[in-house]
Each structure stands twice: as C-alpha cells, then as structure tokens.
Amino acid sequence: MLNATTQWSPPSRVLFGRGASTQLPELLKTLNARKPMILTDPGVARTKVMEDVVQLLRNNGIDFELFTEVVPEPPVSCLEAARIQALEAGGIDSVIGIGGGSAMDVANALSLVLKHGGRIHDYMGVGNVDRRGLPTILVPTTAGTGSEVTPIAILTDTEAQLKVGIVSPMILPDISLVDPALTDSMPPHVTAATGMDALTHAIEAMISKKTNPYSQALALEAVGLVSQSLRQAYRDGNDRQARDRMAAASTLAGMAFASSSCLAVHALAYPLGGRHHVPHGQANAMLLAATMRFNAPTCQNEFVRLAKAMNLASPTPESFLQELEQLTCDLEIPSSMAAIGVSENEIPEMARDACGIERLMAPNPRPVAVADAEGIYQSIL
Ligand SMILES: [Fe+2]
C-alpha cells in the first residue's frame, strides 16, 4: 500500500483558533485584496456570523460584493450567477467563501473563472488547472466538509445530470481561516451529520489505496478528536472545547483525504443525496459502519490503529466497527434507508450509479462490485 508514489497536498496557509475570523481585514491586506466577492448561502446570510463579518469589513473601510444565493449541491448556473454579479460590480480582485462545503466550492471555482475567463467546463477533471485563480480565503461555518483545505470543488451539471469536479492543487485557497466560534450555533442534527462526514473523511483517508504516512498521521489525530468530542458537541452545542476539537478534527480530516482519497462510503452516499436529498454527512453516517464491515477483511491492521486512536478499551477490528454503530445510534442518525423513504426496488440502480463513480471506488481497499454495493444497501434497508 505504501510502495506507490503518493501525492501530499498540504494547504497553503491555515489560521486556526477561536476568534481567528476577526483577522479577515488584515488577511485581505496581506493578499493585496481591496474588493473581495463574498459567497455564502441564504441560511448563513441570515446569521450573526455573517452580520459580524459584514460589520467587520465595513468598520475597516473595505469595499466588498456579497452573493448569498449558493445552494446545496450547487449547479453550474449558481457559479454563473455569481460570476455575472461580480462582473457587474466591477473591480473584484479576490474571493471569500463563508459557509459549508457548497459556498467554499463555488468560491474556488469563481476565483478561477474571474481570473482566467473561459467556461468552468474548461477546468473540470483531475489536473486540468495550470494556474491559480484570484486570491481566495475560505471560512467554514460547519465542522465536517474540510473543503477549506481540499483541492476539490464539486458542482452539478444539471444538463448532463452529473456531478462534476475540479481537482487540482491550484485551487487550494491562499488562506483557510478556521474559527470554531463560527460553528457554535449549528443545531444538533447538523453537528451530528457534519461531524460524521469528518469522521468518514479520516477513516477513508486512512484505508485508501492512496494512503501514506502524512494522511495517516492527520487521520488518526482527527479520529481521536472526533471520538473525544462529537457526542458532547451534539449534546451541548455550547461546549466550546468540544466545538474547538470538532473544528480541528474537520480541518485535519480534510487535509488527510486531500492527500489520500475518499472511498466507497462517499460513492454509495451520492445516490442517497441525489435521489432522496439526504444531507451529505447523514448519508455517509448511515453507510459508514456497513461499508467498513464490507472492507474489514482487507483492513484489519488499520482498524486496530483506528480503534486505538479512539481509545477503545479493547482495540480490535470488531470493537472499531461496533463503536461506529454505537456512535451513529447515539447521534440519533436514522439507521434504516426505509425510514427515509428508500424502497428496495431502487437498490439495483443506486448500486450501479455508485459503482460508476470511479474516482471514489477505484482506491477502495476491497473492490466493490455492483452486487457488493447492493449487499451494503440491503444491510441498512
Ligand atoms: Fe464528505
């Protein structure tokens, strides 16, 4: 597993800490940015987080343009709308993405098309970007996606009904600004789902065929932080230590999979998101334990290392799998697909769709045939 050449993609610059977001004006200056375009979603736009950012920039005399229409699983048309607004505003020289994965992904893509022009399709695929875009700062408001440190932006091509990705180290932001205080107001179900997304990133980064010592070090620390703090952050959103640890876990897990990969859990989760609009983290959480049971024959050593990172009393592959099941249960995440409206006759098509996502399925340590994918879905029906 460690014999092949692997690519380690560390982020450019991460600023982490409670209150770090108040440094935004100075950070813009370091990037020579005078008029940023801020991208966020309508939910975050209504929060105090956004009110504070807007006030901070105004107090510092910084001119900016605000786009608040980023939607989940953002379509290419959303990027187009942001581009038109930026061009109409004129003088945009930098981009700030504030929010969950969607706002940060659109910010990355916008920085490219504003700087270099062309259609976003010109940049899609793996390694098709050879230049950096406008200076970019990404600011997460959830603790899960890790998008602030990943060289991946995912958009939806609604015409072709496909998810399309831009994957290149060139789209890593100039600054990842991680302020755990911005996650304090997440409601419990979002804390649970996004936290399980972070855990999935760490576990998949650890067992991927692309894994390496760099991503394993990050993944193990992230798994330890999640097991110390996710239940507590879910029970008591005001527990700052738990919030801080989950924010760190999310960023570390993002760095881990940025230098390794996500796997079958993410591939199997996509049809649940696409067909039934199950939030990304919840879909991963529902599939995590079942998919790891499938992977178990090829991951015995890694599961022991993960069980140790979780500080389990008896660190074995079975105790690791049971902890995943218990955690999902404690976070009150639905354990059955039927409970969220999936019927048995959808499974063959979902399995075919998931197996078609080569980017995620190819590095899975145990090959996943369509019949295997059907079996995993059946086990959580
Ligand atoms: Fe994810």
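The first residue in the sequence is number 1, and the count goes up from there. Read the numbers this way: they start at 1 and go in the same order the structure lists the ligands and their atoms.
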- Report the protein N/O/S neighbours of the Fe ion (ligand 1) that fall below 2.8 Å; do not count waters. D197 OD1, H201 NE2, H266 NE2, H280 NE2
Check residues 244-258 and write down every donor-acceptor pair under 3.5 Å in which the side-chain atom is one partner and the other belongs to a residue at least two apart or another chain.
from : atom 1 : to   : atom 2 : distance (Å)
D244 : OD1    : R18  : NE     : 3.0
D244 : OD1    : R18  : NH2    : 2.8
R245 : NE     : Q228 : OE1    : 3.3
R245 : NH1    : Q228 : OE1    : 3.2
S250 : OG     : G144 : N      : 2.8
T251 : OG1    : E148 : OE2    : 2.7
T251 : OG1    : A247 : O      : 3.3

- Task: Taking only Lys NZ, Arg NE, NH1 and NH2, and the carboxylate oxygens of Asp or Glu, determine whether E302 and R366 approach each other closer than 4.0 Å.
- Result: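 So E302 does not pair with R366 through a salt bridge.
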- Item | R240 atom CZ, over 12 foreign heavy atoms within 6.0 Å | no
- Between Y214 and W8, what is the ring plane arrangement, given parallel below 30°, perpendicular above 60°, and tilted in between?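 Because their plane-to-plane angle is under 30°, the rings of Y214 and W8 count as parallel.
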List the atom pairs, donor and acceptor, that lie under 3.5 Å between side-chain atoms in residues 91-98 and the rest of the protein, sequence neighbours left out.
from : atom 1 : to  : atom 2 : distance (Å)
D93  : OD1    : R34 : N      : 3.3
D93  : OD1    : K35 : N      : 2.9
D93  : OD2    : R34 : N      : 2.7
D93  : OD2    : K35 : N      : 3.4

- All side chain to side chain donor-acceptor pair (under 3.5 Å) counterparts of E344, not counting sequence neighbours: Q378
